[in-house]
2 protein chains.
Amino acid sequence: MTDGTTRDQIVQAADRLFYTQGYENTSFADIAEAVRISRGNFYYHFKSKHRILDAVIDERLADTRDMIAAWEAASPDPADRIRAYIDIVITNRADIERFGCPVGTLTTELAKLNHAAQQEANAIFTLFRDWLRDQFAALGHGADADAHAMHVLAFSQGVATLSNAFRDRDFVGREVQRMHDWLDALKTA
Amino acid sequence: MTDGTTRDQIVQAADRLFYTQGYENTSFADIAEAVRISRGNFYYHFKSKHRILDAVIDERLADTRDMIAAWEAASPDPADRIRAYIDIVITNRADIERFGCPVGTLTTELAKLNHAAQQEANAIFTLFRDWLRDQFAALGHGADADAHAMHVLAFSQGVATLSNAFRDRDFVGREVQRMHDWLDALKTA
DNA sequence: GTCTATACAGGGATAGAC
DNA sequence: GTCTATCCCTGTATAGAC
């Protein structure tokens, strides 16, 4: 992914800028400046802003798959894996406080822009959703696995949005604890 | 609020457009077209886009206070009032599916824009937060009242974000039920 | 593959007539 | 209070030299 080619540097810079500033609010000049290339050179690599967005989403999909693979490698226990997801809001709290969740804020922005890439961005959510569903199914909650997966996703989005607004780490810690308790209760049920 | 003056029509139109299209993505031309006035006339009423945003936020603060007053008038039972808040995600589901939560999406966008009005937008959240806290306190949960208030806010934001991404009404219904159950358990605790 | 130069549209904002 | 005309900047995108 990060092989250092100009194209890849563009994707990396755009990824970060789309996250920190928003897609609409990020200009080619912003990205060009970050990569230290001219705006003209830009169009050799990407014909339009839409194409950069596509590449960024592909990058994020790949990053998400890597993250999931790392969680799977770290523990065979589905509950551990779900906890790893829950704990993202702590792991990434610094960024979340300033910019929200990268997935949630992008899908929300694209929805308002009525952007064609909205479905592709939603695919990142779906990646998490399906994987969480599989973990709940492995825990023996097949019937409610998808509902539980969505519940965990909703938790992370809610915490991210309010963490961004209030920057209250105690709040994040409490909500994470709540989810851990809920998960423990689910296992013994 | 809606006295029909041009200024007020501008605020109304901007309010809706900022919600449906986003603040950054809404131009003066968009608003002028919606109100059917010229762009020039615009600047008689508002000197800058920032000022319109301020007016929109003030409008939303007033609307929020009205909504809260209506809930208070509808029932003296704090649990009923909290349920009224929880049920927003059903009441407004059509808009939420398309545009997300008006409060959450605005604060998130302003955070990324590093916009000066971010704190004012957060005040809408605070209005709900403080009111919910008072309801939980009235239920006898003074010590955890603010934490519970934040929990309910997080619920609504999480549901709104995922409702926007997946447009799954069954999911919304399930999450609302979960919150009602949680609230009932809290009352008997 | 990278650059400069440039075209062109759109957006914020102002001036001044009515 | 509302309009038209206009300025200036930014943003996307293209052409063509190196």
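Fair warning: this is a prediction, and the values are worked out from it, not measured in the lab. Here is the naming used below: chain letters follow the sequence lines, and residue numbers restart at 1 for every chain.
Look at A:Glu109 and B:Lys112 and you find no salt bridge, because none of the NZ, NE, NH1 or NH2 atoms lies under 4.0 Å from a carboxylate O. Ion pairing of B:Arg83 with B:Asp184 is present here, as a side-chain N (NZ or NE/NH1/NH2) and a carboxylate O approach within less than 4.0 Å.
Geometric assessment of A:Arg129 against the ring of B:Phe166 yields a positive cation-pi assignment under the 6.0 Å and 45° thresholds. The cationic atom of B:Lys47 (NZ for Lys, CZ for Arg) does not lie both less than 6.0 Å from the six-membered ring centre of B:Phe42 and within 45° of the ring axis. Remark: A:Lys49 is positioned above the aromatic ring of A:Tyr23, its terminal NZ or CZ atom under 6.0 angstrom from the ring centre and at most 45 degrees off the axis.
For the residue pair A:Thr105/A:Tyr19, the side-chain donor-acceptor check at 3.5 Å is not satisfied. Donor-acceptor pairing under 3.5 Å is lacking for the side chains of A:Asp144 and A:His151. A donor-acceptor contact closer than 3.5 angstrom links the side chains of A:Gln177 and A:Asp181.
Following rounding to the nearest Å, B:Leu17 (CG) and C:dG11 (P) show an atom-to-atom distance of 12 Å. Rounded to an integer number of Å, the gap from NE2 of B:His50 to P of C:dG12 is 14 Å.
B:Asp58 is not listed as a side-chain neighbour of B:Val11, based on a closest heavy-atom distance of 4.5 Å or more.
Where DNA chain D meets chain A (any atom under 4.0 Å from a heavy atom), the bounding nucleotides read 5' to 3' are D:dG11 to D:dT14.
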Where do N or O atoms of nucleotides 4-9 of chain C meet protein N or O atoms at under 3.5 Å, pair by pair?
none

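For the contact set between residues 21-35 of chain A and DNA chain D, defined by any heavy atom under 4.0 Å, the members are A:Thr26, A:Ser27, A:Phe28. Listed by residue number, the members of residues 107-115 of chain B with any heavy atom below 4.0 angstrom from DNA chain C form an empty set.
Within the 3.5 Å criterion, the main-chain N or O of A:Leu186 finds a donor-acceptor partner in the side chain of A:His141.
Note: A:Tyr85 and A:Trp71 have perpendicular aromatic rings, judged against thresholds of 30 and 60 degrees for the angle between ring planes.
Listed by chain and number, the residues in a salt bridge (Lys or Arg N to Asp or Glu O under 4.0 Å) with B:Asp30 amount to none (sequence neighbours excluded).
The salt bridge (Lys or Arg N to Asp or Glu O under 4.0 Å) contacts involving residues 13-29 of chain A comprise A:Asp15-A:Arg60, A:Arg16-A:Asp95, where partners must be two or more places apart or lie in separate chains.
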